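Structure, as structure tokens:
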Amino acid sequence: MPSFSISQDYELVTIATAEITIAFSRDDGGLRVLQRVGGPNVIGYGVGRATIDVRLDERGWLADRIFIRYLNHFVDERDDAVELVIVIGIGPLKVYDRYRITGTLIARRVSVENVGEDEVRLHGVRLALPWAQVGALETCRFDAPGTSVRPHVPLVVAAAQRLDVLPRRFFAPGLRGGRALERAPTQATGLLALHDPQSNEALLCWYYSAVESALPLIDGNDQAVTLAHDIAAADWLGSEVALTAGTQYILLLHEPWPAALAALERTWSLCGLQGVEGLAAWVRDAAIFEVHAAQFGGFAGLAAALPELRALGINTLCLLPIWAFDNHSGLLWDGNWNASGNPYAIRDFESLDPTLGTGEEMRALVETAHQHDLRVLIDLPLLGCADHARLVEEHPTWFCYTERGRLARVPEQEELV
């Protein structure tokens, strides 16, 4: 016998396994029910909304502009897991929202297919859990470890946040690039979590891909929060061409918060991640100092400061990009990303930033670091470059272009192409 049951009425299609129930709308294909057996429904505390959105060329995100329609669904059992596929139509696209359910862990992936006659430019995919809440508004907490968000934020504070509005200081005391949440998996796990210390209900949602990064987002309605990941999936899709993006993971638990975090770590092998015990010893013990050499006057100045940094317990240097970039002033970078330039907007990957010093001074910096038992890492950005970089002229086919033939910009980094 199958390990799941399926039922449907005019509004919903519901799939129940031994440990979880999930239901989605027969109108827009969006999630409406997500609950473990014996637990509450943790989503849907607000007006029903689509849980998939796509961004196309200059048209932007489509969900608020056009009708999103449920087409059909498929359910099967494979390798001790239940696999659910919800097929959704969004404009010229057919979207396959795929859920692989193992216990109370869900691995969610999306494939986007262009079923229109014209080629389209895909700029991004958004995966959302709409209006989540795992306990009373007064007791529920929100967490996003590894980001600027304050730990154990009351849900009432998180639910007051609005998409694309600067976060409140009480929610996130420090911001990076105007955002409280870091991209996953390049800067953090992308974990968005709700937990209720009264009932020990917990909902964890995170993202992983070896190819595309995703920006975590939350959107509140004063009662609950939508947890979402914007995946930087960008490509030209010809007619009948499909693209598959990274994976959003969802985990429902009945555990105290520390145990819920420990359970997350036990899922890493399923997600393609490596636990701390599998890392090299130097990585586990690394005390990393991220620095741009300009902050010490260049390579030579940073080399002179290494003894003091080592005395502080630093054992690893991580240098922000050292290559020639779109430097607006022609002087040492002063940290002003707008007025002075973005050090990631690299003009030439084969030339050092001349304001930092010579190649000999760079080699001397590394040698001095090694003499003080310091490892040296260099941030090598391979997503985008300056729009007038050598590569643009020498290898034009390496870049994406808009429908008007202009160089397409990297999402959220307008200095890069």
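One-based numbering along the sequence shown. Only a predicted model underlies this, so the values are computations on that prediction, with no experimental measurement involved.
- With respect to Arg100 and Asp76, no salt bridge is recorded, no charged nitrogen being found less than 4.0 Å from a carboxylate O.
- In this view, Glu212 and Tyr207, Ser209, Ile231 satisfy the side chain to side chain contact (heavy atoms under 4.5 Å, CB included) rule, not counting sequence neighbours.
- Taking 4.5 Å as the limit, some side-chain heavy atom of Pro216 sits within range of a side-chain heavy atom of His229.
- Using cut-offs of 30° and 60° on the angle between ring planes, the pair Phe349 and Trp323 is tilted.
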Practice prompt. Dump the intermediate steps for side-chain hydrogen bond (donor to acceptor under 3.5 Å, both in side chains) on Glu201 and His254, then the final yes or no.
Written response: CA-CA 5 Å; Glu201 293 294 332; His254 182 63; 3.2 Å; yes
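- Of the inter-residue distances, the one linking Ile43 atom CD1 with Thr51 atom OG1 reads 7.5 Å to the nearest 0.5 angstrom.
- Among Val75, Ile22, Ile250, the one residue that satisfies the side chain to side chain contact (heavy atoms under 4.5 Å, CB included) test with Ile101 is Ile22.
- With rounding to the nearest 0.5 Å, the separation of CG in Leu191 from OG1 in Thr147 is 9.0 Å.
- Taking 4.5 Å as the limit, some side-chain heavy atom of Trp257 sits within range of a side-chain heavy atom of His152.
- Other residues, nucleotides and ligands place no more than 12 heavy atoms under 6.0 Å from the CD atom of Glu117.
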Worksheet item: Are Leu374 and Phe289 close enough, and set up right, to give a side chain to side chain contact (heavy atoms under 4.5 Å, CB included), and what steps lead you there?
Response: CA-CA 10 Å; Leu374 284 157; Phe289 181 60; over 6 Å; no
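- For the 3.5 Å distance criterion, the side chains of Ser329 and Asn327 qualify, holding a donor opposite an acceptor.
- Here the CG atom belonging to Leu306 is positioned 11.5 Å from the CG atom belonging to Asp373, to the nearest 0.5 angstrom.
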Worksheet item: Checking side chain to side chain contact (heavy atoms under 4.5 Å, CB included) for the pair Thr17/Phe4: CA distance, chi angles, key distance, verdict?
Response: CA-CA 4 Å; Thr17 72; Phe4 66 89; 4.3 Å; yes
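- Between Glu11 and Arg32 there is no salt bridge, since none of the side-chain N atoms of the basic residue sits less than 4.0 Å from a carboxylate O of the acidic one.
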Worksheet item: What do the steps show when you test Arg183 against Ser213 for side-chain hydrogen bond (donor to acceptor under 3.5 Å, both in side chains), and what is the final call?
Response: CA-CA 6 Å; Arg183 280 196 169 274; Ser213 66; 3.3 Å; yes
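- Side chains of Pro145 and Thr189 form no contact here, defined as non-hydrogen atoms less than 4.5 Å apart.
- The two residues Ile288 and Cys318 make their nearest non-hydrogen contact at CG2-CB, 3.8 Å.
- Contact check for Ile218 versus Leu227: side-chain heavy atoms found under the 4.5 Å cut-off.
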Discussion item. Walk me through whether Asn315 and Arg375 qualify under side chain to side chain contact (heavy atoms under 4.5 Å, CB included).
Written reply: CA-CA 6 Å; Asn315 60 23; Arg375 292 178 182 269; over 6 Å; no
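- Heavy atoms from other residues, nucleotides or ligands lying under 6.0 Å from CG of Asp80 number 12 at most.
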Item to complete: Check the pair Thr355, Asp353 against side-chain hydrogen bond (donor to acceptor under 3.5 Å, both in side chains), reporting the backbone distance first and the verdict last.
Response: CA-CA 6 Å; Thr355 68; Asp353 175 3; 3.0 Å; yes
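- No option in Ile68, Ile88, Asp28 other than Ile88 meets the side chain to side chain contact (heavy atoms under 4.5 Å, CB included) test with Ile52.
- Ring pair Trp333/Trp337 is perpendicular by interplanar angle, where above 60° counts as perpendicular and below 30° as parallel.
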Worksheet item: Would Leu129 and Leu192 count as a side chain to side chain contact (heavy atoms under 4.5 Å, CB included) if you check the C-alpha gap in whole Å, the side-chain angles of each, and the deciding distance to 0.1 Å?
Response: CA-CA 11 Å; Leu129 294 181; Leu192 305 171; over 6 Å; no
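- Between the CG atom of Asp219 and the OG1 atom of Thr226 there is a distance of 5.5 Å, given to the nearest 0.5 Å.
- When the side chain to side chain contact (heavy atoms under 4.5 Å, CB included) test is applied to Leu320, the partners found at least two apart in sequence or on another chain are Glu290, His292, Tyr344, Asp379.
- A 4.5 Å side-chain heavy-atom check between Asp143 and Leu261 finds every atom pair outside the cut-off.
- Tyr99 contributes atom OH, which lies 4.5 Å from atom CD1 of Ile86 (distance to the nearest 0.5 angstrom).
- Taking OH from Tyr96 and NE2 from His73, the interatomic distance works out to 15.0 Å, rounded to the nearest 0.5 Å.
- For the pair Tyr249/Thr247, a side-chain contact is recorded, criterion being any heavy-atom separation below 4.5 Å from C-beta on.
- Other residues, nucleotides and ligands contribute over 12 non-hydrogen atoms within 6.0 Å of the CD atom of Gln187.
- Using a 4.5 Å heavy-atom cutoff, the side chains of Leu319 and Leu365 are in contact.
- Between Arg162 and Gly220, the shortest heavy-atom contact is NH1-O, 2.9 Å.
- Asn221 has its side chain out of reach of Tyr45: every pair of non-hydrogen atoms, C-beta onward, lies at least 4.5 Å apart.
- Remark: Ala259 pairs with Glu255, Pro256 by the side chain to side chain contact (heavy atoms under 4.5 Å, CB included) rule, at least two apart or across chains.
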